[in-house]
Asks: 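Can you read through this structure? Questions will come right after.
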Amino acid sequence: MYPLTGAIIAVKPKHFQILGIVLSTMFAFFIVFLYATEPRSLEELTRKASSTVGDALTKGQVIAGTYEVDPAKFAQGLALFNAGDYPGARSSFEAADPEKRDAATQFYIAYSFYRQGWGRFSNDDELFKKGIEAAKKAQTLDGGFVSKDQGLKLKTPAALATELEEGVRITADDFNPMRALEERK
Amino acid sequence: MEQLESEIVDSEIVLDSDDAISTPRSGALAPAAIERRRALLYYLVLPLTLLLVTLLGGIRFSSGSIVYIRPALIYLIFAAGLMILFFVANLVRFDGWISERFDITKNLINAITLFALFAASVQVFNSVIPESGIPFWIVSFCFLWTLWNNLFSNFDTKRLLRSLAAMFSLAFVVKYVVLANLARPAEQGWVDAIINNPAQTAATWLLDIPQFSAATGYLQFFTIAIFVIALWFFPNSTEE
């Protein structure tokens, strides 16, 4: 006796229609997902599927208003930042705030670009430009944000953005030999 | 379908409700059972089979990894032409699939099935037309010529199916047998290929033939076969 076509459990055409709509829609989404992400192997497929589900969940949290920064990853980022591992700190901060919605996290990301890019004789313009972007993002998220971190001399995103912009700009002051005595903030 | 309908139905008790009781005899099919089997084919097997063709049509294997080839814009135009051909040849009767006489779920699943037919057609063109170079343009032109001519021919359903099977199988042979043998093996390095297979290397370079593993040909053979079989079972109307 076939479970779908047998007479004991009467399956009506309507049930097939509903099942067909559900299965076809799911299959169609799966095809679109495969062609959009182009996984090269089954392992990559699993990884990309979990990453897509993770992104969807985060977006769902944002829509529902329950989005929060991961405190463990933020603390890890802060520890790496204080230890001077700025790329590592950025990686942790980005993982803590994947949707870039927390001013404090974005401020620390900007500060990590500043500290990594700062040089006694010349600055790394590329890192400073990325820092400006992150500092402006932090300022947009919370215009009144003031850092309570005693280890940071620049307390607000605006001050940090100004410092970074001055670092990128070429002025007569850049050729002042006394600049070598300046300290990183 | 016609075969199912023509089977002799003997007397039997069938109550088409949640607590249905039936006493089917061997060799006899009740109208309700036929209806269920037809529903299974129309609303589950056909859309899922066509979506399977959509999935497989763009897959290629190259050096141990899977490559997904997205369809070119021209394949959408070809598929649109093919859909018109289906309607003209009465393989699909539009008002037999989408109609105000049907309820919303039936219209919805039928729309999904028609869309799956279009998507599968796109991917079959993607499967049999070479990906790049002169062969792409030559085979594309041949398809355009054939489809354009067919649009103004008098086709019945069977003739159309035979014509499509012949057209896709010829294109398959050109791509996966003729051109694949002209191309330098994917695993062979350039220096080795120039020394051992200068003609194949020159053909690969001149014709810009992409190199895929042999498994691609096998997969695409079954993809085209599934598509043609799905078309064979495709009813021109879902009306009872």
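The sequence lines fix the lettering, A, B, ..., with proteins before strands; numbering per chain opens at 1. The shown structure was predicted, so the numbers you read here are calculated from the model rather than taken from an experiment.
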Asks: Please classify the contact between N110(B) and chain A as side chain, backbone, both or neither, with a heavy-atom cut-off of under 4.5 Å.
Replies: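 Neither part, no heavy atoms under 4.5 Å.
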
Asks: Give, as side chain, backbone, both or neither, the part of I112(B) having an atom under 4.5 angstrom from any heavy atom of chain A.
Replies: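 For I112(B), the contact with chain A is made by the side chain alone.
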
Asks: Does NZ or CZ of R90(A) fall inside the cone over F113(A)'s six-membered ring, less than 6.0 Å from its centre and within 45° of the axis?
Replies: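 Because its charged atom sits under 6.0 Å from the ring centre and within 45° of the axis, R90(A) does stack over F113(A).
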
Asks: Please flag which part of I59(B) lies under 4.5 Å from any non-hydrogen atom of chain A: side chain, backbone, both or neither.
Replies: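 Both parts, heavy atoms under 4.5 Å.
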
Asks: Contact part of L46(B) toward chain A, heavy-atom cut-off under 4.5 Å: side chain, backbone, both or neither?
Replies: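 The answer is neither part of L46(B).
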
Asks: F143(B) vs F168(B) aromatic rings, parallel, tilted or perpendicular, using cut-offs 30° and 60°?
Replies: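 Answer is tilted, since the angle falls between 30° and 60°.
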
Asks: Parallel, tilted or perpendicular, judged at 30° and 60°: which one describes the rings of Y111(A) and Y114(A)?
Replies: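 Taking Y114(A) first and then Y111(A), their aromatic rings stand perpendicular (interplane angle over 60°).
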
Asks: Return all side-chain donor-acceptor pairs below 3.5 angstrom for residues 16-32 of chain A, not counting sequence neighbours, or 'none' if the list is empty.
Replies:
{"unit_1": "Q17(A)", "atom_1": "OE1", "unit_2": "T105(B)", "atom_2": "OG1", "d": "3.0"}
{"unit_1": "S24(A)", "atom_1": "OG", "unit_2": "G20(A)", "atom_2": "O", "d": "2.6"}
{"unit_1": "T25(A)", "atom_1": "OG1", "unit_2": "I21(A)", "atom_2": "O", "d": "2.5"}

